[in-house]
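So you know, we letter chains A, B, ... as the sequences are listed, proteins then strands, and number each from 1. Quick note: numbers below take in every heavy atom, side chains included, and nothing from hydrogens, waters or symmetry partners.
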Number of protein chains: 2
Amino acid sequence: MFGGEQGMRRTTYPVVVRRRGPALEQAIFEAALEQLIATGYARFSMEAVAAAAQTGKASLYRRWGSKEQLVLDALSASLPRALEPPDTGSLRADLLAVIGALSAAMTSRTGCAARAVISELDHERAAAFVGLIHKQILDPAHLVLLQVVRAAVDRGEADLEAATPMVLDVVPAMLLYRGKTQQGRFTEEDARALVDQVLLPALLRPAPPPEDGGG
Amino acid sequence: MFGGEQGMRRTTYPVVVRRRGPALEQAIFEAALEQLIATGYARFSMEAVAAAAQTGKASLYRRWGSKEQLVLDALSASLPRALEPPDTGSLRADLLAVIGALSAAMTSRTGCAARAVISELDHERAAAFVGLIHKQILDPAHLVLLQVVRAAVDRGEADLEAATPMVLDVVPAMLLYRGKTQQGRFTEEDARALVDQVLLPALLRPAPPPEDGGG
DNA sequence: CTTGGAATGAACGGAGCCGTTCACTAACCT
DNA sequence: AGGTTAGTGAACGGCTCCGTTCATTCCAAG
């Protein structure tokens with residue numbers, strides 16, 4: 001009637017399988033990224049990461065002397081290497097594709113964790129992350145935008161001089177701003193508005209008189 | 001030889017003058033803003049504010065049941081009411097004036113404290129601040145930009161339809177982004193670049209065909 | 001002057017987290 | 001099989017901060 005002892009032992013507890021080496025590090029990195037998303041860097045704690053990764057604090061401290069080191073390594077290991085520039089044949093479509101890709105990247109787990117760090121980049125406690133954020137996020141974003149503009153220049157669609165740092169900064173700035181102030185995804189409609197209302201006018205603006213050097 | 005007891009008592013300790021009512025609240029608000037700037041909201045602590053304001057925690061808790069209430073009141077009390085639109089007679093100069101004013105506001109003590117909160121606006125712990133930030137910072141910024149665009153429309157310089165939410169968001173977005181990623185002040189040169197390379201092209205862009213409604 | 005309320009500093013028990021240590025044991029290698 | 005290394009969970013002493021309480025004292029008002 002009861003089906004034996006096996007049926008009675010339905011309430012079993014999760015058994016922690018010991019991981020070692022790279023498998024453990026991967027679990028720790030995942031826990032670290034989740035912790036960054038949930039609490040930000042300010043309240044990031046080694047103890048919480050160890051608990052989430054189902055390991056001991058000693059295992060963390062054997063590898064990373066501080067939370068700063070752990071976060072640097074977790075982000076470094078997770079951030080994508082480079083962005084592939086699209087090649088649609090039109091500047092508008094390329095820009096839409098880049099923004100789509102950046103927006104998707106920013107809403108990924110790694111992207112959310114990185115945004116948490118970016119949010120704190122002007123605090124001294126996040127000083128160690130400035131280089132990483134520029135090198136692995138902001139500069140690559142600039143680069144892929146510049147690549148699509150260059151392709152447009154080659155097609156005779158745009159003027160390279162229009163793609164100033166200020167114009168290029170608008171893309172990450174707006175993605176971050178909207179992510180902060182309007183919870184939710186940067187939609188395709190948002191992307192179209194940004195491209196049509198801001199970026200294309202900026203990139204296709206007439207060259208200024210020579211005395212008017214831009215910044 | 002020793003000049004008497006008075007000379008020996010050179011090592012005196014600061015005497016705390018008791019404040020009461022509004023004067024104490026002012027001191028607490030100032031300490032709260034400084035604490036926001038130094039640590040952000042995540043690590044904002046009532047104990048640190050009490051210590052900085054040279055008062056007891058009980059005095060804080062008599063008035064504010066939580067750090068959230070205190071921060072709401074401190075920001076509310078400190079943020080400026082409205083921004084006066086400039087009237088230079090030219091859209092470009094008006095935009096430069098608005099950006100200058102917004103930039104100055106953002107680097108003030110209250111502005112820095114508000115930016116700390118804005119940085120955390122997408123965390124659930126900052127949910128209570130969303131309304132205040134929109135109402136007292138973001139919406140007024142939009143409004144003053146809209147006011148200068150309207151004046152330009154009246155002068156025949158611009159088309160009101162070009163001043164979409166996306167275009168207007170570029171200003172706070174860029175100020176916040178540059179403040180975060182390029183420590184230091186948003187310079188007048190930066191303001192000119194933003195106006196000439198991004199805002200004017202966007203605001204003076206030709207109206208799109210009617211089917212192309214922007215966001 | 002007296003009175004009552006508010007301010008100040010100290011203390012409390014508790015929670016969270018730190019960095020470290022340790023006993024036990026799983027995992028790996030020979 | 002044995003030996004070694006690394007992982008796990010617990011514990012430690014210490015620190016910060018919480019919300020609360022309390023004794024003392026200041027201060028404004030009557």
Practice problem: Scan A:S59 against the nucleic acid and name what it touches under 4.0 Å (heavy atoms): base, sugar-phosphate only, or nothing. | Solution: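 Result for A:S59 = base.
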Quiz item: How would you label the contact of B:R63 with the nucleic acid (heavy atoms, under 4.0 Å): base, sugar-phosphate, or nothing?
Solution: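 B:R63: backbone/sugar contact only, no base atoms under 4.0 Å.
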Quiz prompt | DNA chain C: 5'-proximal contact among A:G65 and B:R62 (nearest heavy atom) | solution =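 Whichever sits nearer the 5' end wins; that is B:R62.
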Self-check item: Side chain of A:R20 - closest among C:dA26, C:dC18, D:dT8
Solution: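 Of the options given, the side chain of A:R20 lies nearest C:dA26.
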Self-check item: Below 4.0 Å: OP1/OP2 of C:dA7 and any side-chain N or O of B:T55
Solution: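 False: B:T55 side-chain N/O out of range (4.0 Å or more) of C:dA7 OP1/OP2.
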Distance in angstrom units between [X] [atom1] and [N] [atom2], rounded:
X     : N      : atom1 : atom2 : answer
A:K57 : D:dG14 : NZ    : P     : 15 Å
A:R43 : C:dA15 : CZ    : C1'   : 12 Å
A:L60 : D:dA6  : CG    : P     : 16 Å
B:M46 : C:dG9  : CE    : C1'   : 17 Å
B:R19 : C:dT8  : CZ    : C1'   : 10 Å
B:L24 : D:dA28 : CG    : P     : 13 Å
A:E47 : D:dT16 : CD    : C1'   : 14 Å
B:Q54 : D:dC26 : CD    : C1'   : 16 Å

Quiz item: What class does the angle between the rings of A:F129 and A:Y41 fall in, given that below 30° is parallel, 30 to 60° is tilted and above 60° is perpendicular?
Solution: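 Geometry flag for A:Y41 against A:F129: perpendicular rings.
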Self-check item: NZ/NE/NH1/NH2 to OD/OE distance under 4.0 Å, B:D73 and B:R63
Solution: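 No, no charged N to carboxylate O under 4.0 Å.
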Quiz item: Does a salt bridge link B:D190 with B:R185, judged by any charged N lying under 4.0 Å from a carboxylate O?
Solution: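 No, this pair does not count.
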Quiz prompt | Pairwise 5' ranking along DNA chain D for B:A58 and B:R18, keeping only the more 5' one | solution =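 Nearest nucleotide further toward 5': that of B:A58.
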Quiz item: Just checking, is any N or O donor in the side chain of A:K180 or B:S119 under 3.5 Å from an acceptor N or O on the other one?
Solution: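 Looking only at side-chain atoms, B:S119 and A:K180 do not form any donor-acceptor pair under 3.5 Å.
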Practice problem: Answer yes or no: does atom CD of B:E188 have more than 12 heavy-atom neighbours from other residues, nucleotides or ligands under 6.0 Å? | Solution: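 No, because the 6.0 Å sphere around CD of B:E188 holds 12 heavy atoms or fewer from other groups.
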